[in-house]
There are 2 protein chains.
Amino acid sequence: MNTRFAVATHILTFLAYQGGQPATSELIAASVNTNPTFIRRLLTQLAKAGLTTSQLGAGGGALLAHPASRISLLDVYRAIDEQQQVFALHDAPNPQCPVGRNIDAVLKGRMLEAERALQAQLAKTSIADLAADIAERNKVA
Amino acid sequence: MNTRFAVATHILTFLAYQGGQPATSELIAASVNTNPTFIRRLLTQLAKAGLTTSQLGAGGGALLAHPASRISLLDVYRAIDEQQQVFALHDAPNPQCPVGRNIDAVLKGRMLEAERALQAQLAKTSIADLAADIAERNKVA
DNA sequence: TTATGTGTAACCGAAATGGATACAGATAAT
DNA sequence: ATTATCTGTATCCATTTCGGTTACACATAA
């Protein structure tokens with residue numbers, strides 16, 4: 001998969017760590033080690049999903065729209081991965097073949113089940129959980 | 001994701017439907033609606049994973065190496081998706097940042113949990129299940 | 001009024017994806 | 001033995017995706 005989910009999660013965790021202080025795309029980009037445009041593109045998606053807000057102008061930046069404890073990895077997944085399916089079907093199997101005619105319909109159901117299992121697990125982790133894990137690691141070190 | 005998992009599953013289901021009769025890559029390609037080389041590439045991977053065997057020469061083709069009831073979608077996933085991870089991390093976050101320094105380690109664990117949930121669900125379906133579903137659909141129609 | 005920061009468009013190179021051709025080698029059929 | 005068949009693999013190609021880069025209009029804070 002692409003790294004957008006990981007980066008989006010990084011962004012949100014970073015914002016949680018900011019404690020209400022707006023973070024510029026440049027600042028976040030430095031933490032992620034990428035470029036500000038990439039961050040802004042993801043922030044746009046996160047904002048559209050209602051997970052973040054943006055403060056324009058000097059001293060502005062991105063903020064969490066909700067408490068970190070109420071943002072789950074599933075929320076991030078849904079905000080970023082527009083198609084929301086790990087598996088892809090192959091185009092247009094042969095309708096003349098008894099297998100080709102039905103494989104998509106049959107496989108789609110099983111893929112959905114797997115997808116649901118994945119999403120259910122993602123729902124169990126919040127950005128606050130990640131922030132806490134990170135705080136723990138920084139405490140020890 | 002790419003369509004290789006779907007095509008590999010299609011191949012195996014097709015072979016299950018053949019009832020022990022070898023299928024050429026050309027025949028399978030016609031069912032999938034793709035080219036024989038793509039099928040042979042996947043068959044090579046499936047063979048390496050011990051899921052299929054190949055009969056060379058005239059009248060030859062691919063065969064299931066085990067009963068379809070003993071080949072799960074997880075087996076296919078493992079055979080085809082070499083990296084076996086839905087999620088990717090972003091390269092080299094900033095080690096100077098308290099978040100960047102730890103995000104990968106923390107996120108990796110959560111991704112693994114989700115990956116495991118996905119795989120556990122895949123394990124519940126066998127190629128025989130798919131073949132049965134397809135048979136049912138062909139019966140009704 | 002000026003500096004700051006977002007949102008978005010445009011362009012780029014690298015990598016991945018699947019399609020197409022080609023051919024050596026193994027095997028079955030005759 | 002000879003021929004036809006089929007695999008396994010290499011090579012090349014066009015298309016798409018991915019993330020990086022530059023640029024700039026617009027909104028807002030200082």
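Since the structure is predicted, the reported quantities are computational estimates derived from the model, not experimental observations. Values below: all heavy atoms of this structure, side chains included; hydrogens, waters and symmetry mates excluded. In what follows, chains carry the letters A, B, and so on, assigned in the order in which the sequence lines appear, proteins first and then strands, with residues in each chain numbered from 1.
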Of the options C:dG5, D:dG19, C:dA29, whose atoms approach the side-chain atoms of A:Leu56 most closely?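 For A:Leu56, the side-chain atoms sit closest to C:dG5.
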Distance, rounded to the nearest Å, where [X] contributes [atom1] and [N] contributes [atom2]:
| X | N | atom1 | atom2 | answer |
| --- | --- | --- | --- | --- |
| A:Leu46 | C:dG7 | CG | C1' | 14 Å |
| A:Phe38 | C:dC12 | CZ | P | 20 Å |
| A:Glu26 | C:dA3 | CD | P | 17 Å |
| A:Ile80 | D:dG19 | CD1 | P | 11 Å |
| A:Leu63 | C:dT6 | CG | P | 10 Å |
| A:Leu42 | D:dC18 | CG | P | 12 Å |
| B:Ile39 | D:dT7 | CD1 | P | 11 Å |
| A:Leu27 | C:dG5 | CG | C1' | 12 Å |

Under 4.0 Å between a side-chain N or O of [X] and OP1 or OP2 of [N]?
| X | N | value |
| --- | --- | --- |
| A:Thr37 | D:dG20 | no |
| B:Arg41 | C:dG18 | no |
| B:Arg4 | C:dG18 | yes |
| B:Thr24 | D:dT5 | no |
| A:His90 | C:dG19 | yes |

Can you tell me how far apart CD1 (B:Ile28) and CD (B:Gln18) are? Round to the nearest 0.5 Å.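 Those atoms lie 7.5 Å apart.
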Kindly compute the distance separating NZ (B:Lys124) from CD (A:Glu113), expressed to the nearest 0.5 Å.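 With rounding to 0.5 Å, NZ (B:Lys124) is 8.5 Å from CD (A:Glu113).
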A:Asn33 vs A:Gly57, nearer the 5' end of DNA chain D by closest nucleotide: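 It is A:Asn33, whose closest nucleotide lies nearer the 5' terminus.
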5' precedence on DNA chain D between B:Ala47 and A:Pro36 (nearest-nucleotide basis):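 Looking at DNA chain D, the more 5' nearest nucleotide goes with B:Ala47.
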Among A:Ile103, A:Leu107, A:Val99, which residue meets the side chain to side chain contact (heavy atoms under 4.5 Å, CB included) test with A:Pro93?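 Testing each of A:Ile103, A:Leu107, A:Val99 against A:Pro93, the sole residue satisfying side chain to side chain contact (heavy atoms under 4.5 Å, CB included) is A:Ile103.
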Heavy atoms only, 4.0 Å cut-off, all strands: where does [X] land among base, sugar-phosphate and nothing?
| X | result |
| --- | --- |
| B:Ala23 | sugar-phosphate |
| B:Asn35 | base |
| B:Gln55 | sugar-phosphate |

List the atom of B:Val76, the atom of B:Ala8, and the distance in Å for their closest heavy-atom pair.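 Looking at all heavy atoms of both residues, the closest pair is CG1-CB, 3.7 Å.
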Using heavy atoms to find the nearest nucleotide of DNA chain C for A:Lys48 and A:Gly59 separately, return the residue whose nucleotide is more 5′.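 Checking each residue's closest nucleotide, the 5'-ward one belongs to A:Gly59.
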Check: A:Gly50 main-chain N/O paired with A:His66 side-chain donor or acceptor under 3.5 Å: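 Yes, because the side chain of A:His66 sits within donor-acceptor range (under 3.5 Å) of the backbone of A:Gly50.
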